[in-house]
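One structure below.
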2 protein chains.
Amino acid sequence: MEMDQSCPGTVEPILEILDSKWMILLLYELFNGNRRFGELRRRLHPISPKTLTDRLRLLEEKRLITRTLYPGVPLHVEYDLTVAGQGLQPIFAAMWTWTQEYGAYLRKESDKAEEETGTVM
Amino acid sequence: MEMDQSCPGTVEPILEILDSKWMILLLYELFNGNRRFGELRRRLHPISPKTLTDRLRLLEEKRLITRTLYPGVPLHVEYDLTVAGQGLQPIFAAMWTWTQEYGAYLRKESDKAEEETGTVM
DNA sequence: CTCCATAGTTCATTTTTTGAAACTATTGCA
DNA sequence: TGCAATAGTTTCAAAAAATGAACTATGGAG
């Protein structure tokens with residue numbers, strides 16, 4: 001994969017996007033076609049509207065989504081992934097694959113208890 | 001990639017690992033064979049020893065690295081990626097690919113200034 | 001001219017994360 | 001005994017992120 005010579009930190013710009021709370025789940029909803037503010041808010045409950053707005057604005061600023069206002073009664077807004085946004089899918093796919101292969105291997109809270117009481121080690 | 005039916009949040013456990021400050025760069029160093037505390041500390045300067053310890057302990061707890069103490073003078077410690085840790089590489093690769101394809105498209109700070117002054121839009 | 005529904009914003013507060021500085025622990029050599 | 005080198009830990013403060021509650025804006029129906 002060749003990240004060896006050149007790029008400490010090359011990959012960080014994406015992490016600045018992905019690594020805030022709710023962002024992964026938000027992108028998941030967008031990938032699945034949930035595009036309206038209220039709908040996203042309900043599905044991500046109990047996210048606060050401020051946080052949801054912050055995330056959407058960041059995605060918009062980074063041009064991973066577009067925001068379209070439809071006037072009318074009631075007015076509504078749709079958020080759509082751009083090509084760059086859709087291009088994130090392989091990253092999610094890789095995470096998903098990793099989770100399939102190794103996720104069960106991750107230590108859970110329950111394991112710690114076991115270890116402390118000597119049940120496992 | 002099929003994350004459609006089943007898995008809102010399936011992928012989050014990884015993010016809990018990747019999304020703290022320094023973690024990406026730390027894993028980068030580990031992938032490249034830098035394994036000792038002092039070495040990591042120097043390469044990630046100005047990381048604080050507390051934060052470096054926190055990150056290493058998290059990776060250890062999640063069983064993505066092992067910690068081996070070598071007694072002697074001076075004593076030293078080595079951190080090595082487990083198979084599960086090495087298995088993260090495709091995720092980094094996907095991020096790297098995305099960055100190649102779309103990274104230049106990400107809005108930078110400088111672009112904002114342009115937009116505000118009307119140079120671009 | 002008030003109401004409903006959507007889509008937010010504002011502000012004070014809490015929670016979480018990060019950091020800096022100073023201190024501890026281990027080992028063997030001089 | 002004291003020192004040098006590694007690898008941390010501890011404590012407290014600072015900074016960043018997230019939250020909750022209440023408020024604003026829009027526009028047509030009644």
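Here is the naming used below: chain letters follow the sequence lines, and residue numbers restart at 1 for every chain.
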Subject >> Electrostatic pair B:Arg35:B:Glu78 at N-O distance under 4.0 angstrom >> reply: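 Salt bridge present between B:Arg35 and B:Glu78.
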**OP:** Indicate yes or no: does B:Arg67 engage B:Glu60 in a salt bridge with an N to O separation below 4.0 Å.
**Re:**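 Looking at B:Arg67 and B:Glu60, the cut-off is not met.
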Original post:
Is the A:Phe92-A:Tyr28 ring centre distance short of 6.0 angstrom?
Top reply: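 Centroid distance A:Phe92-A:Tyr28: not below 6.0 Å, so no.
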Original post:
How are the rings of A:Trp98 and A:Tyr102 set relative to one another: parallel (under 30°), tilted (30 to 60°) or perpendicular (over 60°)?
Top reply: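 Rings of A:Trp98 and A:Tyr102: tilted, as their planes differ by 30° to 60°.
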Original post:
How are the rings of B:His76 and B:Tyr70 set to each other: parallel, tilted or perpendicular (split at 30° and 60°)?
Top reply: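 B:His76 vs B:Tyr70 ring planes: parallel.
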For nucleotides 23-30 of chain C, give me every protein contact, N/O to N/O, under 3.5 Å, one pair per line with atom names.
none

**OP:** Only pairs at least two apart or in different chains count here, so list each ring-ring contact (aromatic ring centres under 6.0 Å, His included) that has a residue in residues 33-55 of chain B.
**Re:**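 Residue pairs with at least one partner in residues 33-55 of chain B: there are none.
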Can you tell me the distance, in whole Å, between the [atom1] atom of [X] and the [atom2] atom of [N]?
X       : N      : atom1 : atom2 : result
A:His76 : D:dG28 : NE2   : C1'   : 16 Å
A:Glu39 : C:dT6  : CD    : C1'   : 13 Å
A:Arg42 : C:dG8  : CZ    : P     : 13 Å
A:Tyr79 : C:dT6  : OH    : C1'   : 11 Å
A:Leu26 : D:dA17 : CG    : P     : 17 Å
B:Phe37 : D:dA5  : CZ    : P     : 17 Å

Is any side-chain N or O of [X] closer than 4.0 Å to OP1 or OP2 of [N]?
X       : N      : answer
B:Lys21 : C:dG19 : yes
B:Arg36 : D:dA7  : yes
A:Tyr70 : D:dT26 : no

Original post:
For residues 43-58 of chain A, which residues have at least one heavy atom under 4.0 Å from DNA chain C?
Top reply: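 Contacts with DNA chain C under 4.0 Å: A:Pro49, A:Lys50, A:Thr53, A:Arg57.
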**OP:** For A:Leu81 and A:Leu88, run side-chain contact (heavy atoms from CB on, under 4.5 Å): C-alpha distance rounded to whole Å, both residues' side-chain angles, the deciding distance at 0.1 Å, then the answer.
**Re:** CA-CA 10 Å; A:Leu81 290 162; A:Leu88 294 173; 5.9 Å; no
**OP:** For the pair B:Arg63 (side chain) and B:Gly85 (backbone), establish whether a donor and an acceptor sit closer than 3.5 Å, ignoring hydrogens and angles.
**Re:**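 Here the side-chain-to-backbone pair does not exist.
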Original post:
Backbone N or O of B:Ser48 within a donor-acceptor pair of the B:Trp22 side chain at under 3.5 Å?
Top reply: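 Such a contact is absent between B:Trp22 side chain and B:Ser48 backbone.
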Original post:
When the nearest nucleotide of DNA chain D is assigned to A:Arg41 and to A:Trp22 on a heavy-atom basis, which residue is associated with the more 5' position?
Top reply: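 Of the two residues, A:Trp22 wins.
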